[in-house]
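Here is the structure we will look at.
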There are 2 protein chains.
Amino acid sequence: MTDASLVVGALDAAGYRLTAPRRALAALMAAINGPFTAARVVDEARGRGLRVGRATVFRTIDALERAGAIERLDLPSGDHAYVACAPAHHHHVVCSGCGRTAEVADGDLAALVGEIGRRTGFRIDEHRLELFGSCPACVEAAGGGDA
Amino acid sequence: MTDASLVVGALDAAGYRLTAPRRALAALMAAINGPFTAARVVDEARGRGLRVGRATVFRTIDALERAGAIERLDLPSGDHAYVACAPAHHHHVVCSGCGRTAEVADGDLAALVGEIGRRTGFRIDEHRLELFGSCPACVEAAGGGDA
DNA sequence: GTTTTTGCAAACCATTTGCAGGGTC
DNA sequence: GACCCTGCAAATGGTTTGCAAAAAC
């Protein structure tokens, strides 16, 4: 759950027009905690009676991604999901039980990436780190076992 | 470019039947260096006169992935690609210029993942690290500039 | 001989695009 | 007022499925 105004603000800052559908979708996405798929957004929107077309959902997701307000996640299943998050470079830990996410600062990964570049001889421009597991609540609920 | 017999062997070890289409597709994938998409495999197969249906390509890719002979890559574009690789846990560096890849041992990432688990309170079961950049040859070709 | 696998074609699902009307700056 | 954005519906492209014949074990 992120503040919807942050999402809208990012859109504004990136030069996108603040239209009703975008505001509504931004609020909707900010209200979801955990990763959501485009289909999920379409469904939620329908459920709330928003009259937005599929195309607008995809276009808005695209705009929000460009604006840095949401980020794409590649789930182990192969599906694409998105999470509302801060624009700074970071990574996500996703709970496979409840879908909750936590952001992780890049931290020491930068050093590791540098080291990998040195060892392989590649010039590394970009990296993605995604972590999956169980959040504290789900670990608790499962008695320390699986989620 | 991996040895096709390794790929076939992995299928065998995982209990899959060794059929002609699977052998042919395994050889084809092993011969490609760099990541390949399902569509690419379908095309190459057609080009070589293999009479395999799309479905078989997808099913074989699935089998090979389960067998640990190939691994899925999530390209920055959002497309799914695969690479033939060793079954041990590792990560990939992909050249955005020529598609060449290098495998990177998990190495110090394990420690970093542990640290992240401690900081977030999540029990981390799985992680994916993907790196993108330019391989030595492409860096060279571009005079040290972009790929 | 039993069970898995294949090819084909149709079905499916997610995502994109063209276009005319409407809203934002 | 100019330009961006929206909804709709159709087009697209990738992936899966049902099924009878064929192959592997």
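Keep in mind that what you see is a predicted model, and the values were worked out from it rather than measured. Every chain is numbered from 1, with letters handed out A, B, ... down the list of sequences.
- When the nearest nucleotides of DNA chain C are assigned to Val52(B) and Arg17(B) by heavy-atom distance, the more 5′-ward of the two goes with Arg17(B).
- Across dT6(D), dT15(C), dC25(C), the shortest atom-to-atom separation from the side chain of Arg54(A) is found for dT15(C).
- Shown are Asp12(A), Leu25(A), Leu64(A); of these, the side chain to side chain contact (heavy atoms under 4.5 Å, CB included) with Val7(A) is made only by Leu64(A).
- Rounded to whole Å, atom P of dG14(D) lies 16 Å from atom CZ of Phe36(B).
- Heavy atoms of Ala38(A) sit under 4.0 angstrom from primed sugar atoms or phosphate atoms, though from no base atom.
- The side chain of Pro21(A) sits closest to dG7(D) out of dT6(C), dG7(D), dT16(D).
- In this structure, Ser134(B) OG and Asp125(A) CG are separated by 5.0 Å, a value rounded to the nearest 0.5 Å.
- Atom CZ in Arg40(A) sits about 18 Å away from atom C1' in dC13(C), given to the nearest Å.
- The side chain of Thr56(B) approaches dT6(C) more closely than any other nucleotide in the set dT6(C), dC25(C), dG14(D).
- With rounding to whole Å, Tyr82(A) atom OH is found 13 Å from dA14(C) atom P.
- Considering only side-chain atoms of Tyr16(A), the nucleotide from dG18(C), dC5(D), dT3(C) that sits closest is dC5(D).
- Computed from coordinates, the His80(B) NE2 to dG13(D) P distance equals 18 Å when rounded to whole Å.
- Mapping Ala55(B) and Thr19(B) onto DNA chain D by nearest heavy atom places Ala55(B) closer to the 5' end of the strand.
- Arg59(A) comes within 4.0 angstrom of a nucleotide base, judged by non-hydrogen atoms across all strands.
- The distance from atom CG of Leu11(A) to atom P of dT24(C) is 14 Å, rounded to the nearest whole Å.
- Relative ring orientation between His91(B) and His127(B) is described as tilted, the plane-to-plane angle lying within the 30° to 60° band.
- Residues Leu129(B) and Arg128(A) are not in side-chain contact: their nearest non-hydrogen atoms beyond the backbone lie 4.5 Å or more apart.
- With dC5(D), dC8(C), dT6(C) as the choices, the nucleotide that has an atom nearest any side-chain atom of Arg22(B) turns out to be dT6(C).
- A donor-acceptor contact shorter than 3.5 Å is absent between the side chain of Glu130(A) and the backbone of His92(A).
- To the nearest angstrom, P of dC8(D) lies 15 Å from CZ of Phe58(A).
- In this entry the distance linking CZ of Arg23(A) with C1' of dG23(C) reads 12 Å, nearest Å.
- Leu50(A) places its CG atom 12 Å from the P atom of dC8(D), with the value rounded to the nearest Å.
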